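This is a predicted model, so every value here is computed, not measured.
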Amino acid sequence: MVQRFPITLTQLTYFTECAKTLNMTAASMELHVAQSAVSTAITQLEKSLGAALFIRQHSKGLILTPAGSTLLHDSQRLFGVLNDTIDSIRTDQSEVHGRITIACFKTLAPFLLPRMLGGLRTQHPDLEVLVVEGDHEECLAALRGGRAELAITYDLSSEAGIDNTVVGEFRPHVIVHAKHPLAGRKQVPLAKLAADPFVLLDLPSSSDYFLGLLREAGIEPNLRYRSSSYETVRSMVATGLGYSILNQRPQISETYAGSRTVTIEISDPVPSLRVEVSSLTQVRRSARARAAELAVREVLMPSKKL
């Protein structure tokens with residue numbers, strides 16, 4: 001149930017100024033509002049509380065009642081707490097410290113997070129970063145549910161209420177096993193692989209992207225195997241079970257299985273996957289979030305050339 005209060009901060013502000021000056025005319029001048037507005041606010045406040053706060057003396061000003069003294073004491077304490085909170089939030093917008101939780105797309109995480117976290121630790125040692133990994137929907141769900149302040153995902157869908165900033169992009173490429181007939185080629189049209197078994201990186205939303213690349217090229221994929229694990233897909237390809245299409249490029253060609261994959265550029269005009277940093281539209285990005293976004297940009301900057 002929503003908690004509602006019978007009084008407002010404006011009424012309390014007017015009351016405390018009257019209690020300080022003990023004169024409505026002086027209070028209205030200090031507040032830069034009409035005296036009638038101050039008088040009305042005090043009357044409404046007394047009506048809501050069911051108690052007189054001042055004894056009004058014509059031409060002699062105001063006298064606080066016991067109820068007024070109690071309210072003044074508690075109002076000053078309330079305003080002190082509120083001012084501390086406001087100052088803390090304003091500081092939070094300009095200084096990088098505290099804790100931030102970031103949701104990251106699971107296939108991006110091993111390529112991006114270590115260097116991003118290392119950069120943040122060096123530049124902002126007082127910042128604690130927690131990470132949640134998941135697929136595209138899981139990352140956005142963490143954002144919407146308040147479990148993450150920032151999400152790092154691919155540009156796979158757009159949603160109302162979420163603010164997205166593009167920070168990099170990755171062009172897709174083909175991987176085949178080391179003894180594949182096309183392994184010596186620098187680039188290849190997707191049609192050359194139409195008859196080969198296809199190994200799909202099967203994650204929500206991203207699987208549609210990979211299958212869409214082939215169908216846009218006029219190919220109905222010979223889908224033979226699928227996995228939600230990036231490394232499992234690479235290992236399947238390396239052992240000769242088929243080819244795959246990926247966006248991220250490891251620095252090594254060996255897989256967990258010990259066999260190697262070979263990367264081949266796609267000669268067809270294929271769309272790149274853009275990397276986005278996302279946050280809730282109605283929440284202003286804190287200094288922590290802005291620092292994290294900058295760290296992502298610094299990591300991905302060289303990748304824009306791919």
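Residues Val275 and Leu300 meet the side-chain proximity criterion, which asks for heavy atoms closer than 4.5 Å. Phe198 places a side-chain heavy atom less than 4.5 Å from the side chain of Ile245. Using a 4.5 Å heavy-atom cutoff, the side chains of Thr165 and Arg297 are in contact. The closest side-chain heavy-atom distance from Val299 to Leu113 is not below 4.5 Å. Inter-residue side-chain proximity for Leu273 and Asp155 is flagged as unmet; no heavy-atom pair is nearer than 4.5 Å. Counting only heavy atoms from C-beta outward, the side chains of Lys20 and Thr16 never approach each other to under 4.5 Å. At least one side-chain heavy atom of Leu49 sits under 4.5 Å from a side-chain heavy atom of Leu71. Between Ile102 and Leu130 there is no side-chain heavy-atom pair separated by less than 4.5 Å.
Leu45 and Leu82 fall within a single hydrophobic cluster, where Ile, Leu, Val, Met, Phe, Trp and Tyr are joined by side-chain heavy atoms under 4.5 Å apart, directly or via other members. Hydrophobic cluster membership is shared by Val38 and Leu9, with clusters built from Ile, Leu, Val, Met, Phe, Trp and Tyr side chains linked at under 4.5 angstrom. Grouping the Ile, Leu, Val, Met, Phe, Trp and Tyr side chains by contacts below 4.5 angstrom, directly or via other members, places Val132 apart from Ile100. Both Val270 and Val188 are part of a single hydrophobic cluster, where members link through side-chain heavy atoms under 4.5 Å apart. Connection of Tyr14 to Met29 is not established within any shared hydrophobic cluster, with ILVMFWY side chains joined at heavy-atom distances below 4.5 Å, either directly or through further cluster members.
No salt bridge links Glu293 with Arg290; every basic N to acidic carboxylate O contact stays at or beyond 4.0 Å. Salt bridge present: Arg249 and Glu265 bring a charged side-chain N and a carboxylate O closer than 4.0 Å. Classification of Glu137 and Lys106 as a salt-bridged pair fails, no side-chain N sitting under 4.0 Å from a carboxylate O.
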**OP:** Begin with the C-alpha distance, continue with both residues' side-chain angles, and end with the deciding distance and a verdict on side chain to side chain contact (heavy atoms under 4.5 Å, CB included) for Arg224 and Leu241.
**Re:** CA-CA 8 Å; Arg224 191 72 58 86; Leu241 295 177; over 6 Å; no

**OP:** Could you walk me through whether Leu12 and Thr10 pass the side chain to side chain contact (heavy atoms under 4.5 Å, CB included) test, one step at a time?
**Re:** CA-CA 5 Å; Leu12 285 180; Thr10 298; over 6 Å; no

**OP:** Mind running side chain to side chain contact (heavy atoms under 4.5 Å, CB included) on Gln248 and Leu112 for me, showing each step along the way?
**Re:** CA-CA 10 Å; Gln248 296 297 325; Leu112 172 64; over 6 Å; no

**OP:** For the pair Thr107 and Tyr154, evaluate side chain to side chain contact (heavy atoms under 4.5 Å, CB included) and give the outcome as yes or no after the intermediate values.
**Re:** CA-CA 10 Å; Thr107 60; Tyr154 286 117; 3.8 Å; yes

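Distance check, rounded to the nearest 0.5 Å: CG of Leu150 to OG1 of Thr101 gives 10.5 Å. If you take CG on Leu294 and CD on Gln123, they are separated by 6.5 Å, rounding to the nearest 0.5 Å. Considering OG of Ser39 and CZ of Arg56, their distance stands at 6.5 Å, rounded to 0.5 Å. Separating the CG atom in Asp268 from the CG atom in Leu190 is a distance of 4.5 Å, to the nearest 0.5 Å. Taken from OG1 in Thr40 to NZ in Lys47, the straight-line distance is 12.0 Å, to the nearest 0.5 Å. From Arg234, atom CZ reaches atom CZ of Arg260 across 11.0 Å, with rounding to the nearest 0.5 Å.
Side-chain N/O atoms of Asn164 and Ser278 include a donor and acceptor closer than 3.5 Å. Between the side chains of His173 and Asn247, no donor-acceptor pair is found at a separation under 3.5 Å. In the model, Gln35 has a side-chain atom that pairs as donor or acceptor with a side-chain atom of Thr25 under 3.5 Å.
Qualifying ring-ring contact (aromatic ring centres under 6.0 Å, His included) partners for Tyr209, counting only residues two or more places apart in sequence or in other chains: none. With sequence neighbours left out, Tyr230 forms a ring-ring contact (aromatic ring centres under 6.0 Å, His included) with Phe111.
Under the salt bridge (Lys or Arg N to Asp or Glu O under 4.0 Å) criterion, no residue pair touches residues 179-190, with sequence neighbours excluded.
Pairing each heavy atom of Val262 with each of Ala183, the nearest pair is CG1-O, 3.3 Å. In this structure, Ser272 and Pro172 approach most closely via the heavy-atom pair CA-CD, 4.0 Å. Nearest heavy atom pair, residue Ala238 against residue His177, reads O-CB, 3.6 Å. Of all non-hydrogen atoms in Cys18 and Ala27, the two that sit nearest each other are SG-CB, 3.7 Å. Summarising the geometry of Ala67 relative to Ala52, their closest heavy-atom pair is CB-O, 3.8 Å, with the distance given to 0.1 Å. Minimum heavy-atom separation, Leu156 to Ser206: CD1-N, 3.8 Å.
Judged by distance alone, with hydrogens and angles left aside, the side-chain atoms of Ser69 form a donor-acceptor pair with the main-chain N or O of Thr65 at under 3.5 Å. With hydrogens and angles disregarded, a donor-acceptor distance shorter than 3.5 Å links the side chain of Thr122 to the backbone of Gly118. Panel note: side chain Thr281, backbone Ile162; a donor-acceptor pair is recorded below 3.5 Å. Within the 3.5 Å criterion, the main-chain N or O of Asp202 finds no donor-acceptor partner in the side chain of Ser207. The backbone N or O of Pro6 sits less than 3.5 Å from a side-chain atom of Ser48, completing a donor-acceptor pair. For Glu46 (side chain) and Leu53 (main-chain N/O), a donor-acceptor pair under 3.5 Å exists by modelled atom type. His124 contributes no side-chain N or O that, together with a main-chain N or O of Leu127, makes up a donor-acceptor pair within less than 3.5 Å. Between the side chain of Thr21 and the main chain of Asn23, a donor-acceptor pair closer than 3.5 Å is present.
Aromatic rings from Phe54 and Phe15 are positioned such that their centres are separated by under 6.0 Å.
Each of Arg144, Arg285, Arg288, Arg99 was evaluated against Glu149; a single residue qualifies, Arg288, per the salt bridge (Lys or Arg N to Asp or Glu O under 4.0 Å) test. When Val233, Leu200, Leu203 are each tested for a side chain to side chain contact (heavy atoms under 4.5 Å, CB included) with Arg226, only one passes: Leu200.
Other residues, nucleotides and ligands place no more than 12 heavy atoms under 6.0 Å from the CZ atom of Arg121. A 6.0 Å sphere centred on CD of Glu216 holds no more than 12 heavy atoms belonging to other residues, nucleotides or ligands.
Aromatic ring pairs are classed by plane angle as parallel below 30°, tilted from 30° to 60° and perpendicular above 60°; the pair His136 and Phe105 is tilted.
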